[in-house]
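Working notes, beginning with the structure itself.
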Amino acid sequence: MTTPTPRHSRISGTGSALPPHRLSNADLVARLAADGIESSDDWIVERTGIRARHFVDDTQNASDLAVEAAQRALEAAQLTGADIDLIIVATSTPDMVFPSTATIVQRKLGIQHGCPAFDVQAVCSGFVYALTVADAMVRAGSARNALVIGAEVFSRILDFKDRTTCVLFGDGAGAVVLSASDTPGILATDLHADGRHLDILCVPGTVSGGRISGVPLLRMDGQAVFKLAVGVLEKTARASLEKAGRTEADIDWLIPHQANIRIMQGTARKLKLPLEKVIVTVDQHGNTSAASIPLALDAGVRDSRIRRGETLLLEGVGGGFTWGSVLLDF
Ligand SMILES: CC(C)(COP(=O)(O)OP(=O)(O)OC[C@H]1O[C@@H](n2cnc3c(N)ncnc32)[C@H](O)[C@@H]1OP(=O)(O)O)[C@@H](O)C(=O)NCCC(=O)NCCS
């Protein structure tokens with residue numbers, strides 16, 4: 001009997017996509033002013049670190065951004081749709097109630113051999129959740145090349161009469177191809193949820209009998225989210241490091257969910273990491289929810305800061321409340 005080759009999963013390519021329409025803080029502030037809502041570039045930059053975000057137009061959906069990001073990740077991995085045997089899309093802003101955005105992506109990519117495709121809903125932790133599921137399936141031998149995508153069109157669920165939330169979010173998508181490997185890529189994963197906090201960040205609406213029931217717009221208690229976020233991000237980072245037998249000193253790059261520069265600075269400080277080791281895109285993208293981590297990862301890879309063999313800590317936190325991290329050798 002032959003011993004089976006130990007299976008690991010490793011990122012073989014990354015990609016991302018942003019809608020062309022970019023709004024600076026000044027653009028958004030002017031749009032809000034037209035509706036009598038007061039805000040300012042200074043306030044947004046000082047409290048959040050955000051300077052600009054991208055919004056889709058009426059013709060674009062999450063799947064369109066996902067497909068663009070996936071195509072770039074496939075190209076980087078030197079693979080085609082024919083090589084993909086699993087598609088997971090993390091999104092809270094799907095194209096439709098059903099089917100999943102992942103099946104829509106599968107169709108748009110022309111992947112016709114029947115591989116499984118499904119969505120993961122863990123809001124801003126969605127990509128970390130999706131990557132964890134894909135890692136488990138690759139290591140179990142259920143898939144050899146998985147497309148793992150975070151794609152969001154949060155501009156569709158923003159309340160532009162609520163200045164405390166509408167300035168924070170943007171649209172975009174990021175993708176990775178996760179491939180079976182003889183050498184370790186993903187070293188440890190750590191996921192959590194606590195439904196007791198679901199009210200502090202939610203879109204409390206749905207469709208019922210052909211009508212919208214509840215409020216289909218984002219609602220958030222910013223300060224409550226802030227307080228919870230910093231604590232759980234530190235804990236999950238340490239949990240992944242401990243599982244892998246590594247320490248903070250081993251982290252080459254921290255790639256946190258891009259919610260707010262102050263949350264990212266707080267987490268880096270607790271992990272004793274200089275800000276130079278944190279990939280920051282929140283200034284240019286805003287908070288793109290499940291897309292933010294793969295967008296930041298792809299930005300760091302494409303500008304050559306992140307190199308093969310380096311150790312990355314990805315971590316996210318979001319509605320639910322959900323949080324988690326993935327430690328990996330790139
Ligand atoms: C939302 C957030 C930026 C607000 O910052 P804050 O320092 O807590 O600000 P506050 O909510 O206390 O508001 C302070 C003042 O700014 C005002 N304000 C809020 N939004 C504003 C805006 N866009 N422009 C100008 N003023 C604004 C408030 O009305 C308040 O005014 P008041 O003192 O006259 O009542 C901050 O709480 C935050 O980042 N939370 C985490 C959000 C997050 O990351 N969510 C996603 C997690 S996945």
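First listed ligand is number 1; within each ligand, the first listed atom is number 1. Counting begins at 1 with the first residue of the sequence.
Other residues, nucleotides and ligands place no more than 12 heavy atoms under 6.0 Å from the CZ atom of R107. Heavy-atom neighbours of R196 CZ from other residues, nucleotides or ligands within 6.0 Å: at or below the threshold of 12. Heavy-atom neighbours of K108 NZ from other residues, nucleotides or ligands within 6.0 Å: above the threshold of 12.
The aromatic rings of F321 and H197 lie perpendicular to each other, with more than 60° between the two planes, well past the 30° mark.
Atom 26 (N) of ligand 1 is approached by the protein to below 4.0 angstrom, counting heavy atoms only. Remark: atom 2 (C) of ligand 1 lies closer than 4.0 Å to no protein heavy atom. Atom 32 (P) of ligand 1 is not flagged as protein-proximal [any protein heavy atom, distance under 4.0 Å]. Distances from atom 35 (O) of ligand 1 to the protein include no heavy-atom value under 4.0 Å.
Between the side chain of N25 and the main chain of I50, a donor-acceptor pair closer than 3.5 Å is present. A side-chain donor-acceptor contact under 3.5 Å links D85 to the backbone of R144.
Here is the list of ligand 1 atoms found below 4.0 Å of a heavy atom in V225: 43 (C), 45 (N), 47 (C). Here is the list of ligand 1 atoms found below 4.0 Å of a heavy atom in V317: 48 (S). Against a heavy-atom cut-off of under 4.0 Å, C124 is close to the following atoms of ligand 1: 48 (S). Taking every non-hydrogen atom of I263 and a distance limit under 4.0 Å, the qualifying atoms of ligand 1 come out as 44 (O). Residue H257 has at least one heavy-atom neighbour below 4.0 Å for each of these atoms of ligand 1: 48 (S). For ligand 1 and R47, the ligand atoms under 4.0 Å from any heavy atom of the residue are 6 (P), 7 (O), 9 (O), 14 (C). The atoms of ligand 1 that sit less than 4.0 Å from any heavy atom of V167 are 23 (N).
When only non-hydrogen protein atoms are considered, atom 39 (O) of ligand 1 lies nearest to N260 ND2, 2.5 Å. A259 CB, 3.3 Å is the protein heavy atom nearest to atom 44 (O) of ligand 1. Scanning the protein heavy atoms around atom 42 (C) of ligand 1, the nearest turns out to be M220 CE, 3.5 Å.
Proximity of T164 to ligand 1, defined as any heavy-atom pair under 4.0 Å, is shared by backbone and side chain alike. Contacts of T165 with ligand 1, taken as heavy-atom pairs under 4.0 Å, are absent altogether. Contacts of S39 with ligand 1, taken as heavy-atom pairs under 4.0 Å, involve both backbone and side chain.
When each of D27, D171, L28 is paired with R53, the side-chain contact (heavy atoms from CB on, under 4.5 Å) condition holds for L28 and for no other. Among the candidates D41, L32, D162, N287, the single residue satisfying the side-chain contact (heavy atoms from CB on, under 4.5 Å) test with V167 is L32.
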Inset, instruction - Start with the C-alpha gap between L147 and L86, add the side-chain angles, then the distance that decides, and say whether side-chain contact (heavy atoms from CB on, under 4.5 Å) holds. - result: CA-CA 6 Å; L147 257 178; L86 171 66; over 6 Å; no
Legend entry - Trace of the side chain to side chain donor-acceptor pair (under 3.5 Å) decision for E315 with T236: CA-CA 8 Å; E315 59 173 5; T236 187; 5.7 Å; no
Inset, instruction - Kindly indicate, with the supporting measurements, whether the criterion salt bridge (charged side-chain N to carboxylate O under 4.0 Å, His left out) is fulfilled by R246 and D329. - result: CA-CA 12 Å; R246 306 259 182 127; D329 281 345; 3.1 Å; yes
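Atom 5 (O) of ligand 1 has its nearest heavy-atom neighbour, among R163, Q223, E46, R262, in R262.
Taking distance alone, with nitrogen or oxygen atoms compared against 3.5 Å, G222 approaches ligand 1 more closely than that limit. Ligand 1 has no N or O atom lying under 3.5 Å from any N or O atom of T48, backbone or side chain. For ligand 1, the polar-atom distance check against W43 finds a nitrogen or oxygen pair separated by under 3.5 Å. Looking at N287 next to ligand 1, no N or O pair under 3.5 Å apart turns up.
For the pair H54 and Q284, the minimum side-chain heavy-atom distance is 4.5 Å or more.
Both F154 and I37 sit in one connected hydrophobic cluster of ILVMFWY residues. Membership requires side-chain heavy atoms under 4.5 Å apart, directly or through other members.
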